Every structure is written in C-alpha cells, then in structure tokens.
*Asks:* 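My structure is below; once you've seen it, I'll send some questions.
To find a chain, count down the sequence lines: A is the first, B the second, and so on, and within it residues start at 1. In this text the structure is predicted, and so the values were computed from the model without any measurement.
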Number of protein chains: 2
Amino acid sequence: MGEATIRDVARRAEVSVASVSRALNGLNNVRGETRERILAAAAELGYVPHAGARSLSLARAHAIGVVLPDLHGEFFSECVRGMDREASRRGYLLLLSNMHDDSEQAAVALRAMRGRVDGLLVMAPHIPPESLERALPAALPAVLINAPGDFASRPSLRLDNRAGARAMVEHLLAGGYRHLVHIAGPEGNVDAQERARGFRDALAELAPDMPVRIIAGDFNEEAGEAAARQILASDQPCDAIFAANDMMAIGCLHALRQAGKRVPEDFAVAGFDDVPLARYLALTTIQVRIAEIGARAVSRLVDMLEGKGPGAPVELHQPELIARATTAARPGVANG
Amino acid sequence: MGEATIRDVARRAEVSVASVSRALNGLNNVRGETRERILAAAAELGYVPHAGARSLSLARAHAIGVVLPDLHGEFFSECVRGMDREASRRGYLLLLSNMHDDSEQAAVALRAMRGRVDGLLVMAPHIPPESLERALPAALPAVLINAPGDFASRPSLRLDNRAGARAMVEHLLAGGYRHLVHIAGPEGNVDAQERARGFRDALAELAPDMPVRIIAGDFNEEAGEAAARQILASDQPCDAIFAANDMMAIGCLHALRQAGKRVPEDFAVAGFDDVPLARYLALTTIQVRIAEIGARAVSRLVDMLEGKGPGAPVELHQPELIARATTAARPGVANG
DNA sequence: AAAGGTTATGTAACCGGTTACGGTTACTTG
DNA sequence: CAAGTAACCGTAACCGGTTACATAACCTTT
C-alpha cells in the first residue's frame, strides 16, 4: 500500500539499511556489486527517499520559507520568480506562506515553518519591527526584505526608495517642471513613507523655495484618479505629478486625459515600480528589479546557511530611472 | 543552542513528553493544573513544535506541493495566489517548485516532494502524459491542471480552450469579419493546440467555405509582430486576427499600427487570457480566471486528502469572452 | 474495606531516514 | 604464518514528535 521504505529496499537487496543509505547517497564505501544490487532493488520497488525523514535525521531540510504579504500581481510573481530561480539553482525548495495583514496571523505563519525549513525570507513592510522579531523563531536564520526600521539583529535587503524619489525629482526639475506634486502611498507602508520622504528631502535641497505638496493615496488606481481630480479642481499651480507607484500614476493619466488635458504638455506624470504596463503607456518611472532582489535574498540566506557569513547587514538596492514620454522635457529647456 | 524540544518542555514542567504532547494538542485528558504548568514551561522556553518531526510521526505534512512550469508573469502569480488563498483557508502550506521544460528535471522536482507534502498539484502542459505518470510517486494524491491528454488515472482541471476559441470565432463572424487568421502558440503546448483546434473546428462548422489560415507562433510578443508583418506582406485577404494569447495579440497590434493600419477598421485583433494589459489596450480577449482554477485545484486536492472523494475526474472550466474595441463590429452589420 | 471503574500520567515503540561504532573479511607485510 | 591494515557491512541509537498500552491514583459502590 504505502510507498517503499529504505528497509524494504534493504530486505530486497539482502543488505542492511545502512548500506542502502550509503549506496543511494553515493558514499564510496560500498562494494560495486553490492551497490548494483541495491540500485536494482530500489528501481524495482520504485523507491523514492522520504524527504521528511531525511531532513529530520540530518537537521537539514533544504527548503527555505518565504513569508510575503498580500502583494498585488506583478510584484508577487516577480519576487517569487526571482527567488525560485536562485533557490533551484542552489538546490533548495520554496515553502510559501502568505501573511495577511494581521500581525497575529503572521506569527502563526512563521511558527508553522519551524522544522520544515532551514531559513526564512520575510517581507513585511507593514509589521512593526518588535513584533516581527518576537514572532521569528530565534534559532532560524532569516533575511528580511524591505523591513521597516534598522534591524540590527537580522540581515536585510532594502530598496533605496529615497534615492529613487530623489532621482525622479531631479529628472522633473531638469525637464523644466516647476510645480511638483507627490501622490503618496498608504500611511503604514515603509516604501510609501520613504518615497514621500525622498520627495520632500530632494525638493528641500534642490528647490528650497518650491512648496512641498503631497496628496494622500493608497497605491490603487482609483486613488490616482481622485488625486488628479483634486489637482484639477485646486487653484494651486501644478505641472508635474509624481505618484508613489505606477498604478496610481496610471489612474492619474486616465483622469487627466479624460478631462481633456495633455501629457506631458499640460502635466508631466511619473510613477514608481516599472510594472509592465508602464512601458505600454510610455510612463516615466523608477524601475524596481524586484526579481533580482528576491534572488539576492535567497542567495544571501543560502550563504548564511552554508556558513559563508551574513555579509553586509543591510544591503541597499539602487533603482533606476526610466525616462519615457510622460515626462518629456518642456520646450526651451536645455537638457543635460 | 538549538531550539527547545518537547523533552525540554517535559523536563521543565516535570511531566512526561506524552503529557506535553497531549496538553499542547488540546486533548482533554490532562488535568487542568498540569496543563497550566506545561503551557507555562512551553512559553518560558519559547517552544515551537518541530513540524517536520510532527509530520513524520503523523504521516501528514499539511502541505501540498505545487509544480509549475516557467509561466510568464501574470499567469504564475495569479495561479499561485488563488492556490495560496484556498490553501491557507484550509490549513495547508504550499511547497513550490518550478519545473523547467526538461522532462528529466521534472521527475527530480516531483521526487523531491515525497515525504514533505500530502499531495501534489501539477501543471505540465508540455510534458507527455506517460512520462508524467511515470514521474509521479504512485501513492501521492495529485490533481493535474491543464494536463495534456485524458488522464484516466488522475483527477484534473482543464480550461475549455476549444469553447473559448469557438466563442471568439462566433464573435468575429457576428461582427461581420470574413477573413479570419489564427496565430498559434508553441507546438508542444496543449493549450495552444486546443485553441487552434477550436478555431479550426468552429470555422469548419460555422463558415465551411472560409479557408482556415493559421500562422505559427510561440506565445511571445515578437511572434505576434512577425505574424502581423507576414499578413501584411501576403496577398491573401484578412480582416481579423485571433492570436492564441494576449501577448502575441499585443505584438500584432503594435506592428499593425506601426504599419499605419487602423484597428479595428482595417483589422480586428483579439487575444486569449485577458492579462491586465488587455484592458488598457482595449483588446478583445477570452478571460481565463486562472486564480479560480488554482483555488479549485487546491480545494479538490484537499477534499481528496480528507477522504471526501475525488469528484469528477475531469473538471472543465468555461472561459468568458470579453468584447472590447479591437473587434468592434463592422459598420452595417446588425449585431446581437 | 475490598472490588470495580474512571481518569491522569508515564513508558516505550514507532514514523523513515542517517551514521557512529564495532565486527568480518580480505589483503599486506615482515 | 601471524599480525596489522583497509575495505566493507550490520547493529543500534538518534532526530522530535505521537500514541498504544501499562500503571497509578482517586472515587464509587456495596
């Protein structure tokens, strides 16, 4: 009924389980003829080793746990794809668990990983550092991705959101735009916070006399549309809109066009993330190579697991500005 | 150093491991005071049960293995998202393994699942049924998604590609288009085959005197562009192009517009899948609710695992036609 | 007070692998 | 030919849980 075990193979090959284990794991202290007999028996029985038992015995699961929040489409898939690529390259499987926003559920998800994985990859831009640290099994190596705060205790990867926002501000100013508005992301989200901060700081430094105007948003397309309407209805001057992510920028684009405005002549529009759609809509944005970050996270974790040391505690990934038509320079502006 | 084990908890609470196990699993045959002592000890030690050991002992891992091919972005994430939603609802974790195209590697990926999962979800539109069956551990329940051929031995979910293609042909004919061309997907891919077959059959039935014209493609945007160029260069009449997926349809759209053609006036264009981009480009397409299929697959597998019977051996999911601007009816055609 | 029943707890086997350790056997070597 | 060595192989302990079964403690009941 059940699958064949190593003892079945041993019985059939008329050797001990130890020899079967040795033969199947390629140890060299098995006589050629014996090895043949064992391999034959294993093949005849269709024997497949029981990975669970193996990892219990070895204290090594060759699997890494991935705990992600509810990301929207692109992000999720790209991140997991990058992780999977690297993981399979290095011989690990991925155990996935979506963590819903609740911090309590997150703890449960993390605990469920104990004893099935060798390490953890955690992306939790919305969980406060202390409760995250409390929820992490202490002895399990972990790499944090885009964690809020400076996590001294765990190595982490971070996207340099501030640098990205700053690059965008520079780009818009260089293009001759003089009245910038930022549409922010959800309040609790670190990425959103850092992008807004980057916008604010860059403006303070590069154009100190320009008023800093930030409209609240939530990363959804509708928020972008609402922001556009608000801008159109307002009497404050505005000639460039920088949304904290692409979806809001896209909503914004739609609303502006619907209102008969031209982009970039009347308003420049820019986003953040470089989702596939951005290219089709010629939207200027900041490219976030999330797959690369995922792969890098796996790579660092595996290095830790294999004793190659944790490396830099915080690794900052630089995003790249992709200039497209929605922020073309104003006529008469000499561009650098 | 290592994490606390159940024996550590037992020692600290001055009881046997059996009692600890009982107390932590909520069995009712533990005296109240003893239970308190055990819970306290566990909390003090930060004890987290070792899921690997637990599942070895119970012969139940509460995890399900997911083996997917290299899908492109949208598809992958949507599918996994649907699976994850349902899996976490029913108390299972997902163990992910991307299967690369190689059939040999697929077998390895499947074997690696033995002993860590209770069942398997396999999506392998490119692996021949026999080698798949050979690679699947016999005693492991599995649900196949979009498997080629009729798999008598395993329950499976299938997208009704033929019905989708047929609906599209009907839609185009009703719109007044008279010269349909299909851009096919990769040869070995079942979905692509069935879509082409649906196109062919529908045409044979609904417009028997119309020549069936199919151009080879590979699901990539470039193939769509190439097909468009081929159509433009050819002297055979064509007024509607139905690509086997959205990405090719999009490539096609670009190439046509670049050549100065209007859509849908000169050519109608339609795709298959309804990727998010399709809505923005107003591309008519067949909506595939892949997340739903993923969720359903999990649900069926869990039903099997919990002894609720496998249900229908093959479950066919009906896709829905989404009519948009790229296939607007020709003027003068009474529609509906 | 002894017999019988109930309930709480402990002991040890088991899940399916790996491996330290010790025993055989065959081969060198003086 | 005896002793030493290397190569091969088997026994049993172990990884960290669960649980059948045995035992002990406590109540009833007559």
*Asks:* Roughly, in whole Å, what's the span from CD1 in Ile38(A) to C1' in dC8(D)?
*Replies:*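 One finds 11 Å between C1' of dC8(D) and CD1 of Ile38(A), rounded.
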*Asks:* Do you know which of Glu86(B), His317(B), Glu315(B) makes side-chain hydrogen bond (donor to acceptor under 3.5 Å, both in side chains) with Arg296(B)?
*Replies:*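 Exactly one option meets the side-chain hydrogen bond (donor to acceptor under 3.5 Å, both in side chains) with Arg296(B), and it is Glu315(B).
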*Asks:* Quick check for you: among dA8(C), dG10(D), dT18(C), whose closest atom lies nearest to any side-chain atom of Val15(A)?
*Replies:*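 Closest nucleotide to the Val15(A) side chain: dG10(D).
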*Asks:* Rounding to an integer number of Å, can you tell me how far Met113(B) CE sits from dG16(C) C1'?
*Replies:*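 Between C1' of dG16(C) and CE of Met113(B): 19 Å.
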*Asks:* Rounding to an integer number of Å, can you tell me how far Ile6(A) CD1 sits from dC15(C) P?
*Replies:*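 Nearest whole value for this atom pair: 14 Å.
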*Asks:* Could you check how far CG of Asn25(B) sits from P of dA8(C), rounded to whole Å?
*Replies:*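 Whole-Å distance recorded here is 17 Å.
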*Asks:* Taking atom types as they are modelled, is there a donor-acceptor pair under 3.5 Å from the base of dG16(C) to the side chain of Arg114(B)?
*Replies:*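 It does not, because no donor-acceptor pair links the side chain of Arg114(B) to the base of dG16(C) below 3.5 Å.
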*Asks:* Looking across every strand, which nucleic acid part, if any, lies under 4.0 Å from Asn28(A) by heavy atom: base, sugar-phosphate, or nothing?
*Replies:*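 Sugar-phosphate, backbone atoms only, no base.
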*Asks:* Compare side-chain N and O positions of Arg54(B) against OP1 and OP2 of dT18(D) and report whether any pair is under 4.0 Å apart.
*Replies:*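 Yes, within the criterion.
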*Asks:* Between dG17(C) atom P and His62(A) atom NE2, what is the distance in whole Å?
*Replies:*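 To the nearest whole Å, that distance equals 16 Å.
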*Asks:* Of Leu56(B) and Ser19(B), whose nearest nucleotide on DNA chain D comes first from the 5' end?
*Replies:*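 Comparing both residues, the 5'-ward one is Leu56(B).
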*Asks:* Counting just side-chain N and O atoms, does Arg22(B) come under 4.0 Å of either OP1 or OP2 of dA8(C)?
*Replies:*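 For dA8(C), neither OP1 nor OP2 has a side-chain N or O of Arg22(B) closer than 4.0 Å.
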*Asks:* Would Leu93(A) and Val117(A) count as a side-chain contact (heavy atoms from CB on, under 4.5 Å) here? Give the steps.
*Replies:* CA-CA 9 Å; Leu93(A) 285 177; Val117(A) 301; over 6 Å; no
*Asks:* For a quick check of understanding: with a heavy-atom distance under 4.0 Å over all strands, which category does Ala18(A) fall into, base, sugar-phosphate or nothing?
*Replies:*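 Base contact.
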*Asks:* Less than 3.5 Å apart, any donor N or O on the side chain of Arg54(A) or Asn25(A) sitting next to an acceptor on the other?
*Replies:*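 Yes, because at least one side-chain N or O of Arg54(A) sits under 3.5 Å from a partner of the opposite role on Asn25(A).
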*Asks:* Which listed nucleotide (dA12(C), dT11(D), dG17(D)) is nearest to the side chain of Ser16(A)?
*Replies:*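 Closest of the options to the side chain of Ser16(A): dT11(D).
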*Asks:* Can you identify which nucleotide, out of dT19(C), dT18(D), dG16(D), has its nearest atom closest to the His50(B) side chain?
*Replies:*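 Of dT19(C), dT18(D), dG16(D), dG16(D) is nearest to the side chain of His50(B).
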*Asks:* Using a strict cut-off of less than 4.0 Å between a Lys/Arg side-chain nitrogen and an Asp/Glu carboxylate oxygen, indicate whether Glu194(A) and Arg158(A) qualify as a salt bridge.
*Replies:*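 Yes, Glu194(A) and Arg158(A) are salt-bridged.
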*Asks:* Starting at atom CG of Leu58(A), determine the distance to atom P of dA13(D), rounded to an integer number of angstrom.
*Replies:*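 After rounding, the reported distance stands at 20 Å.
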*Asks:* Any side-chain N or O of Ser21(B) less than 4.0 Å from the OP1 or OP2 oxygen of dT19(D)?
*Replies:*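 False: Ser21(B) side-chain N/O out of range (4.0 Å or more) of dT19(D) OP1/OP2.
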*Asks:* Where is the tightest heavy-atom contact between Tyr47(A) and Thr5(A), given as atom of each residue plus distance?
*Replies:*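 Looking at all heavy atoms of both residues, the closest pair is CE1-C, 3.5 Å.
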*Asks:* How many whole angstroms separate atom CZ of Arg11(B) from atom C1' of dT11(C)?
*Replies:*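 Distance check: Arg11(B) CZ to dT11(C) C1' gives 16 Å.
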*Asks:* Might you point out which heavy atoms bring Leu96(A) and Leu96(B) nearest each other, and give the distance in Å?
*Replies:*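 Nearest pair, atom of Leu96(A) first, then Leu96(B): CD2-CD2, 4.3 Å.
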*Asks:* Is it the case that dG17(D) (base atoms only) and Arg7(B) (side chain only) share a donor and an acceptor within less than 3.5 Å, ignoring hydrogens and angles?
*Replies:*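 Side chain to base: pair found, below 3.5 Å.
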*Asks:* Taking for each residue the nucleotide of DNA chain C bearing the nearest heavy atom, is the 5' side occupied by Ser57(B) or by Asn29(B)?
*Replies:*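 Whichever sits nearer the 5' end wins; that is Asn29(B).
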*Asks:* Regarding Ser55(B), tell me which of base, sugar-phosphate or nothing describes its non-hydrogen contacts under 4.0 Å with the strands shown.
*Replies:*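 Counting heavy atoms under 4.0 Å across all strands, no contact is made by Ser55(B).
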*Asks:* Taking CZ from Arg31(B) and C1' from dG10(C), how many angstroms apart are they, rounded to a whole number?
*Replies:*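 From Arg31(B) CZ to dG10(C) C1': 14 Å.
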*Asks:* Using a cut-off of strictly less than 4.0 Å, decide whether Thr5(A) has a side-chain nitrogen or oxygen near OP1 or OP2 of dC15(C).
*Replies:*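 It does not, given that no N or O in the side chain of Thr5(A) lies less than 4.0 Å from OP1 or OP2 of dC15(C).
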